[in-house]
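Just below is one structure, and these are the notes that go with it.
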Amino acid sequence: MEFESVCVVGLGYIGLPTASTFAVSGLKVTGVDSNPKVVDLLRSGKPHIQEPGLGELFRQAFDSGRLKFAETPAEAEAFVIAVPTPVTGERRADLHHVEQAARSIAPVLQAGNLVVLESTCPPGTTLDLVAPILNESGLLAGADFHLAYMPERVLPGNILTELVENARVIGGIDPASAQAARDLYLAFVTGEMILTDATTAEMVKLMENTYRDVNIAIANEFSRIAAALGVNIWQATELANLHPRVDILRPGPGAGGHCVAVDPWFLVQSAPEQASLIQQARLVNDGQPEYAFQLIERAAGRLQGLQVAALGLTYKPNVDDLRNSPAIQIVRRLIGAGARVRTYDPLATEAAVEGADQVHTLEEALRDADLVLLLVDHNQFRTLEPSQIAGEMAGRAAVDLRGVWSRPDWEAAGFSLHVLGVG
Ligand code: SAJ
């Protein structure tokens with residue numbers, strides 16, 4: 001099949017880059033978002049999210065005249081659903097955005113169309129939730145239109161490259177649907193595209209992020225063991241990783257974001273009896289902010305009234321995304337314990353944590369601070385010169401939750417440096 005038009009429903013971190021890339025590749029694109037403010041901003045030519053290279057790509061798509069915006073789907077040959085699937089308080093997938101998106105497509109669906117679901121979902125969602133809703137149009141999935149599940153795999157911070165180059169798994173509700181989805185994405189995907197069934201593709205997506213979560217959990221558990229035994233986890237990990245079949249990840253203040261911290265619960269929900277290791281890994285990672293807080297408490301001695309310069313608030317380095325950020329949890333915990341916290345994040349300049357003093361320069365954050373705390377290792381913070389910042393601060397305590405600051409440099413500048421995972 002050849003496609004000339006596509007309607008992308010959901011213009012977030014995945015939908016907006018996808019819609020822009022389709023437009024730059026020559027397709028006529030309608031980008032749909034239910035938030036009128038987002039639509040207005042995009043119509044005025046401004047992307048509402050930050051991601052390296054997105055500004056330029058969006059501008060190119062916008063200037064081509066092939067990218068238009070709307071609050072509800074318009075007729076097109078293909079539809080892509082890229083809406084969020086958060087986790088509920090009961091740790092189950094909240095699929096109401098997917099449901100709404102499918103409902104909004106049904107009235108404009110025509111025979112011969114293709115619908116692709118990209119959102120991360122529990123196995124079975126495409127067949128059991130999306131197909132029945134679309135069938136309410138009077139057309140039948142598989143017989144009258146194609147339906148496929150094709151998860152995104154992009155890494156925030158490197159989305160534009162990975163969108164094009166990563167291998168993709170495409171799960172059709174039947175082989176013709178998978179084939180049609182491949183034809184659509186041939187517009188820009190250069191990576192290999194492997195066809196399978198929809199439920200397998202849904203499970204594959206969850207396995208990928210669960211694998212990462214479990215690996216981060218063991219890195220975090222190793223760091224706790226190392227600290228208890230008086231071992232330096234950073235050195236120990238480097239040495240263990242010399243083994244050709246070992247690749248231990250980095251410990252830190254927790255696993256945040258909207259994927260790794262969420263998706264494993266969808267597998268747990270689907271097969272709770274079988275998913276004990278996965279649940280345990282989630283609990284280890286969710287406990288890591290509290291573990292990090294206790295480390296800060298020990299380093300500070302007394303938190304009441306302590307002036308803290310907290311560097312970084314995002315869920316990981318070099319992104320502007322604050323979702324499920326362990327850094328924010330730690331700042332809240334510090335405030336609850338009576339510390340006075342100034343937060344500074346050069347990538348998330350709007351980010352404010354209630355009770356903290358949000359500042360816009362490093363100097364302001366450090367002014368008269370008793371303790372400098374590295375929460376997120378943005379490039380700018382990795383290269384801090386302790387000798388230069390010492391003069392700005394009142395105290396000489398430093399806590400590094402990312403294992404990036406050099407002990408000799410900090411100690412030479414008179415600091416006592418406390419590093420996560422170092423006994
Ligand atoms: N983290 C560590 N130690 C590490 C690596 C990560 O503590 O060694 C932490 C990060 O600081 C962060 C969290 O884990 O808080 C998640 O970060 P990440 O970079 O591992 O993953 P995400 O959530 O930004 O993106 C993941 C990616 N999945 C995998 O690498 C398997 C990405 O490819 C997916 O497309 C994305 O989830 C998604 O949308 O599902």
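Fair warning: this is a prediction, and the values are worked out from it, not measured in the lab. Counting starts at 1 for both ligands and their atoms, following the listed order.
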| task | Check V80 against V6 and note the closest heavy-atom contact, atom names and distance. | result | CG2-CG2, 4.0 Å
| Without hydrogens or angle criteria, can the side chains of T361 and E364 be said to hold a donor-acceptor pair below 3.5 Å? | yes
| query | How would you list, by chain and number, the residues with a heavy atom under 4.0 angstrom from ligand 1? | reply | E152, R153, V154, L155, P156, K205, E208, N209, R212, I216, L249, R250, G254, A255, G256, C259, V260, Y315, K316, R402
| note | With sequence neighbours left out, the residues meeting salt bridge (Lys or Arg N to Asp or Glu O under 4.0 Å) with R43 are none
Show me the side-chain donor-acceptor pairs of residues 395-404 shorter than 3.5 Å, one per line, residues at least two apart or across chains.
unit_1 : atom_1 : unit_2 : atom_2 : d
R396   : NH1    : A390   : O      : 3.1
R396   : NH2    : A390   : O      : 3.2
D400   : OD1    : R402   : N      : 2.7
D400   : OD1    : G403   : N      : 2.9
D400   : OD2    : G403   : N      : 3.4
D400   : OD2    : V404   : N      : 2.8
D400   : OD2    : W405   : N      : 2.8
R402   : NE     : L375   : O      : 2.9
R402   : NH2    : L375   : O      : 3.4

| request: Could you verify whether a donor N or O on one side chain and an acceptor N or O on the other, from Q288 and R224, lie under 3.5 Å apart? | output: yes
| Mind checking what makes salt bridge (Lys or Arg N to Asp or Glu O under 4.0 Å) contact with R382, not counting sequence neighbours? | D377
